[in-house]
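Predicted model only: the values in this text are computed from it and were never measured. Chain naming here is simple, since letters A, B, ... match the order of the sequence lines and numbering starts at 1 in each.
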Amino acid sequence: MNLSAGITTSASFKKVDWLASLAEETKLYRIWVGEDIDNLHDIFTLTSIFLLKTSLTKVGIGITSPLIRNITTIARATAGLMELDSEERFTLGLGIGGLQDLARKGLAAEKPLQILRDASYLLRRIWLGEKVTYSGRFTLDGYSARCKFKIPIYFGARGPKLLELAGEIADGVIISGPRSYIEKATGLVKKGLERSNDPHRSFNMVVWLPTVLIEDGKGMAMAREVVSIVVSDTPKKVLKLSRIDEERTQKVRDAVSRFGVKKASELVTEDLIRDFSIFGNAQEICEDFHSLGKFGVDEVVFGPPYGLDWKSSILNVSKAWG
Amino acid sequence: MKYGLHLNSESKIDQIVRKGVEAERLGLDSLWICDMPSQRYGPVVASAIASRTRRIQIGLGFSPFLHTPQQIVSAFYSLIKAYGERFELCLVSGDKNQLQKVGILRRSLKGIPDRLIKAKVEIERKSEEQGLNFKISLGAQGPKMVRIAPSFDGVHLNFCSPRIIEWAMNDIGRIERRDFQVGIFAPSYVYATFDRDMHQILRRSSTAVILGSSDRFLKIFEIYEELHRIKGRIDSSTFERIPQEIINEFSISMPSQKLKEYLSKIATLGVEGIVFSYPQDYSIDTIRDLARSLTR
């Protein structure tokens, strides 16, 4: 199993620079760059900075939504990222996007399966250098990017149908959600993989959960805050499949929408933190990550908020990983 | 006078970067990347160039019909944080044919001048909120666009003959702001030794600019009638049928020794910068020819 680090477009450049400069020293397998929609960095430019500042570490977008910009911009930008180094270290993660973020932009995420199916189909045709005409959610009229690339597409998925679709047509999957859901989620991906045209193809299963390093008992407040955000953004269907008592999560969801994250975090119990994040000292975090291997997980992401001291948290966890 | 080079992003990124590095070594002031739907994504190309250069200014052309103001600001945020304050934005309406190919219909492109001003204001506001500092200029050709130029920090005119520049300067009017700059952005072929193939590429490139011109603009300069006949039958040989004198209104084609004279002439009209566009960046040699011409 591989250990990767996650960062998002809302991260300060100080964090970006530090992570890029230490990625190879800490032997991180990959840096995943997630998009916090309309927040600070451009996802493609930020990803280019990681690719240009490293030479061995893989770099992936995990994830961007095809709903927030023209599909051809994603095609061109990712082709450019693939071109930045000869080792082909780049991977594109596609997902629908945070439901609250999309709603804020007035975007509807109806038929998410169709959206990701169409987006990946179109991107692959554009990368093959084809002249593409298409109408539907995405409209193209004899478009060609004059390029020739094969870029792995991973789906960022939580819902059961999307997880199966990832197994069916993607090159990998980035799973997030409650810990008790991971077993179920990986099972759904495997089901899709078995049903696909090429069930024996190379396929990577990645799990990205919020991670908080607790040192001398400090860091629990941070864990509570991040869990209240995750709880409020997790689809009810996923909560149900995770067999998490709805009453416990509903209180937090209501509080987030009424009073904000800080106040809501006071309602987050240790059980909920255990359900929705990885936390503990460096050794415990690594053990928890490794325990996901039994479900067929190939890669785990040490993602924000990391811990009270983000630098030492990343260093300690990567050191404990060995 | 400031000298810039437009790098065509249809080439592979490593080739574009090599040209950019050479342009900096030769002492040019700026490099320009235009984010067009058929070419590589501008900010990624700019990032690659910036990572290998130290001082040269990097300009990015963006159409707000393809990217939201927030997306443009985000790209500048990442570039400036990583490589310092050496980036400039040029807002352009974008090529209507290319926009149509990516699903942006012509009917959605109404009120272009107003929408460009609105985008500029929003980009300026958002970038100020982020503490970013970069110039926002306008790419302009027709009378409506030239007239809104004073709302920007500068303008890049998409023609180069002194008579049209003079018309534009009159139309823009007197601008008191000292930081407002008028520049030229035109297909160019400045050569030490004439090469017919290069000249043909220049003609093709100019033809694309000319065919994108508004009828109103062409009428002002009495080239509408002639072009109207040609526009009615566009095919792969169109560029051969456009008279050289019309090509000369929109592109710079001259031997090295003539360049200084031309630059002096447009400087007297108030032009303070020039970006030599494709095919001047065709090869390292054509870039060197340009640099030698500028230092004569």
Side-chain angles (χ1 to χ4, degrees), chain A residues 9-14 16-17 20 33 35-53 68-86 90 105 122 126 131-148, chain B residues 9-17 33 35-52 60 62-63 65-84 87 94 97-106 108 126-127 129-132:
Chain A
T9 51
S10 59
S12 67
F13 190 72
K14 194 176 164 193
V16 169
D17 203 28
V33 186
E35 182 162 34
D36 287 329
I37 296 174
D38 289 347
N39 208 336
L40 294 189
H41 291 279
D42 168 53
I43 183 96
F44 305 114
T45 315
L46 183 58
T47 305
S48 77
I49 292 164
F50 278 113
L51 281 164
L52 290 161
K53 281 179 177 275
I68 56 173
R69 53 175 70 77
N70 195 285
I71 189 82
T72 60
T73 301
I74 300 180
R76 294 183 296 125
T78 50
L81 292 170
M82 198 63 169
E83 223 182 321
L84 285 182
D85 83 311
S86 55
F90 173 68
K105 287 181 79 71
L122 291 172
I126 294 169
K131 199 175 205 180
V132 187
T133 296
Y134 197 81
S135 63
R137 182 81 189 220
F138 309 105
T139 306
L140 298 175
D141 183 6
Y143 175 77
S144 164
R146 296 175 215 158
C147 61
K148 202 99 183 167
Chain B
S9 310
E10 270 178 28
S11 312
K12 289 189 168 176
I13 290 184
D14 60 345
Q15 291 169 6
I16 303 172
V17 170
I33 314 293
D35 185 68
M36 293 164 80
S38 62
Q39 301 194 354
R40 281 159 179 77
Y41 180 60
V44 168
V45 178
S47 176
I49 294 170
S51 73
R52 295 276 308 278
L60 272 163
F62 267 117
S63 167
F65 296 103
L66 189 57
H67 307 280
T68 65
Q70 178 59 57
Q71 285 165 351
I72 295 171
V73 173
S74 292
F76 275 79
Y77 181 87
S78 302
L79 290 169
I80 290 171
K81 291 289 171 187
Y83 309 110
F87 296 90
N97 289 328
Q98 284 210 27
L99 290 173
Q100 174 131 343
K101 284 184 179 182
V102 301
I104 300 164
L105 303 177
R106 281 169 186 268
S108 69
K126 285 176 184 290
S127 55
E129 280 169 13
Q130 306 291 348
L132 302 177

Most contacts with chain B, counted as non-hydrogen pairs under 4.5 angstrom, among T133(A), T73(A), L46(A): T73(A)
For chain B, which candidate among T72(A), D38(A), V132(A) shows the most heavy-atom pairs at distances under 4.5 Å?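 Result: the option with the highest number of such pairs is D38(A).
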Residue [X] versus chain B: region with a heavy atom under 4.5 Å:
X	answer
L52(A)	side chain
L140(A)	both
A79(A)	neither

Which atoms of [X] are under 4.5 Å from chain A, going by heavy atoms: the side chain, the backbone, both sets, or neither?
X	result
K12(B)	both
Q70(B)	side chain
E10(B)	side chain

How about F44(A) and P43(B): do any of their side-chain heavy atoms sit closer than 4.5 Å?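 F44(A) does not reach P43(B) side chain to side chain.
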Side-chain heavy atoms of Y83(B) within contact of I49(A), under 4.5 Å: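 Y83(B) vs I49(A): side chains touch.
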When [options] are compared by non-hydrogen pairs under 4.5 Å with chain A, the top option:
options	answer
S51(B), S9(B), S47(B)	S47(B)
D14(B), V73(B), L105(B), D35(B)	D35(B)
V44(B), V102(B), V45(B), I104(B)	V102(B)

Any chance you could measure [X], atom [atom1], to [Y], atom [atom2], to the nearest 0.5 Å?
X	Y	atom1	atom2	value
L99(B)	N70(A)	CG	CG	9.0 Å
I37(A)	Q71(B)	CD1	CD	10.0 Å
E83(A)	R40(B)	CD	CZ	4.0 Å
F13(A)	S78(B)	CZ	OG	8.5 Å
K101(B)	S144(A)	NZ	OG	8.0 Å
T45(A)	F76(B)	OG1	CZ	9.5 Å

Identify, with sequence neighbours excluded, every residue that meets salt bridge (charged side-chain N to carboxylate O under 4.0 Å, His left out) alongside D141(A). none
By salt bridge (charged side-chain N to carboxylate O under 4.0 Å, His left out), which residues pair with D42(A), not counting sequence neighbours? none
Is there a donor-acceptor contact under 3.5 Å from the side chain of [X] to the main chain of [Y]?
X	Y	result
Y143(A)	G103(B)	no
S74(B)	L40(A)	yes
R76(A)	G42(B)	no

Evaluate whether atom NZ of K131(A) has more than 12 neighbouring non-hydrogen atoms of other residues, nucleotides or ligands under 6.0 angstrom away.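 12 or below, so no.
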